[in-house]
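Structure, as structure tokens:
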There are 2 protein chains.
Amino acid sequence: MRVDARRNYERVLAAATAAFAEEGPDASLNDIARRAGVGPGTLYRHFPNRQALQAAVLSERIEKLCGRAEELGSDEPAAALTAWLRALLMHARTDQGLGGAVLAGPVDLGLDCQQAIHRSGAALLTRAQRAGGIRTDVTVDDVVQLVAGIALAARHGTDPDQPDRLLCLVTDALHSPSE
Amino acid sequence: MRVDARRNYERVLAAATAAFAEEGPDASLNDIARRAGVGPGTLYRHFPNRQALQAAVLSERIEKLCGRAEELGSDEPAAALTAWLRALLMHARTDQGLGGAVLAGPVDLGLDCQQAIHRSGAALLTRAQRAGGIRTDVTVDDVVQLVAGIALAARHGTDPDQPDRLLCLVTDALHSPSE
DNA sequence: TGTACATCAGTGAACGCGCGTTCACTGATGTAC
DNA sequence: TGTACATCAGTGAACGCGCGTTCACTGATGTAC
């Protein structure tokens, strides 16, 4: 990759990160190019569409999230799940709900972003279920969807720690009440 | 109100209902006017902005929802709450998430739409809490937000009865586990 | 090391699109006589 | 009941806007000699 190409790639990525953080998932692509001090064409050279850009912005964070899941793999199963779900909620709320929108969205980012999250979540969930104390009638998809929902609904909320409270409610619910 | 005005009002409302059902909350206003066989100006005469139109479309349903809450007022408290939350979820999912978007949205519809829902919910919730068996550390706002979140996240989901499953999880969570 | 050149990247004006919104005009309605 | 008229409603072409996207052209980069 040529040095100027790499430089502009970085610039666009940084501008996109800032724009998504400020404007949310629907930030204008032209505006992102403008912020990056770059022509629209340059943006398109590197990122063929909005999803590619969103994926690029999120991928680093998603990797961290999956890394965190591995770290938690040695903790007490149920606690590890709870802790990771909290991290997942943080992720889903980043950039005005970009994370959550991608999680719940119709788009398949092509990359294994979402799949990676599901894999990480599945590992923690099934481990906790096998260890007992966590409901077995819940799928990873359910949990991820719930967390995404909390993040999406919270986007325009006024109470800043409502999402955490709701997550607590959900994690409580995961601790099987019947057995 | 003149007879032609009333007629067009109804037409626009019907067209809006259909459009929201098909396209979701962001359906084009020009398109709605077109469906109604009416000029854009006519639409604006009756509904100054999109929110007014959304409110008009939803208001009837919201009234029903509040009516249902009153009906349930004589049932067993916890069961009544659960049943109403299910109805609320149905509402939030109508029209591709229009109900949920309005519930969770930043907009104050001016009307007492959302307030009415909150009032109805509050009545059922506090009654159930007083009767015991329902967590007391949860507010109406929390519950409504959660239901809206489930609806929003479900918008692009593939599993048609996932929302119901998630709601069950939530209602289970409401049944206080600690006491 | 220096130069010529091919290749790749960037530019940015311009396009087409659909949106929300307006407003000068036409037409329908209801009312007063 | 019939007609004149004021008022209210509807029309729809047109506007401005910002969006995503393209492409002919210019410029920077790296390479071969």
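If you're wondering where the values come from, they're calculated on a predicted model, not measured in any experiment. Only this structure's heavy atoms are used, side chains among them; waters, hydrogens and symmetry mates stay out. All chains are named by letter (A, B, ...) in the order of the sequence lines, taking the proteins before the strands, and each is independently numbered beginning at 1.
One interatomic measurement links the two molecules: CZ of B/R45 to P of C/dG20, which rounds to 20 Å at whole-angstrom precision. Atom P of nucleotide D/dT21 and atom OH of A/Y44 are separated by 4 Å, given to the nearest angstrom. Distance CG (B/D31) to P (C/dT21): 15 Å, rounded to an integer number of Å. Atom C1' of nucleotide D/dG10 and atom NE2 of B/H46 are separated by 9 Å, given to the nearest angstrom. One can place CZ of B/F47 at 11 Å from P of D/dG10, the figure rounded to the nearest angstrom. Atom P of nucleotide C/dA9 and atom CZ of A/R2 are separated by 6 Å, given to the nearest angstrom. Between the CG atom of B/L43 and the P atom of C/dT21 there is a distance of 10 Å, rounded to whole Å.
Counting heavy atoms from C-beta outward, B/R86 and B/C168 have side chains that approach closer than 4.5 Å. No side-chain heavy atom of B/L125 sits less than 4.5 Å from a side-chain heavy atom of B/T139. Between B/R61 and B/D95, some side-chain heavy-atom pair lies under the 4.5 Å cut-off. A/L152 has its side chain out of reach of A/L103: every pair of non-hydrogen atoms, C-beta onward, lies at least 4.5 Å apart. Between B/I32 and B/L29, the closest side-chain pair of non-hydrogen atoms falls below 4.5 Å. Between A/L85 and A/L88, the closest side-chain pair of non-hydrogen atoms falls below 4.5 Å. The shortest distance between side-chain heavy atoms of A/L81 and A/L174 falls below 4.5 Å. Inter-residue side-chain proximity for A/R127 and A/R130 is flagged as unmet; no heavy-atom pair is nearer than 4.5 Å.
Counting only Watson-Crick and G-U wobble pairs whose two distances sit under 3.5 Å, DNA chain D takes part in these stems of three or more pairs: C:2-33 with D:2-33.
In this structure, A/R93 contributes its side chain and A/I150 its backbone to no donor-acceptor pair below 3.5 Å.
Contacts of residues 3-27 of chain B with DNA chain D (heavy atom under 4.0 Å): B/D4, B/A5, B/N8.
Under the 4.5 Å side-chain heavy-atom criterion for grouping Ile, Leu, Val, Met, Phe, Trp and Tyr, B/V147 is not connected to B/M90 through any hydrophobic cluster.
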Polar-atom pairs under 3.5 Å, protein N or O versus N or O of nucleotides 12-14 of chain C: list them with distances, or write none.
from, atom 1, to, atom 2, distance (Å)
C/dG12, O6, A/G41, N, 3.4

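Remark: A/E60 CD is loosely packed, at most 12 non-hydrogen atoms of other residues, nucleotides or ligands lying under 6.0 Å away.
Comparing B/R50 and B/M1 by the nucleotide of DNA chain C whose heavy atom lies nearest to each, the residue mapping closer to the 5' end is B/R50.
Taking only side-chain nitrogens and oxygens, A/S28 never comes nearer than 4.0 Å to OP1 or OP2 of D/dG18.
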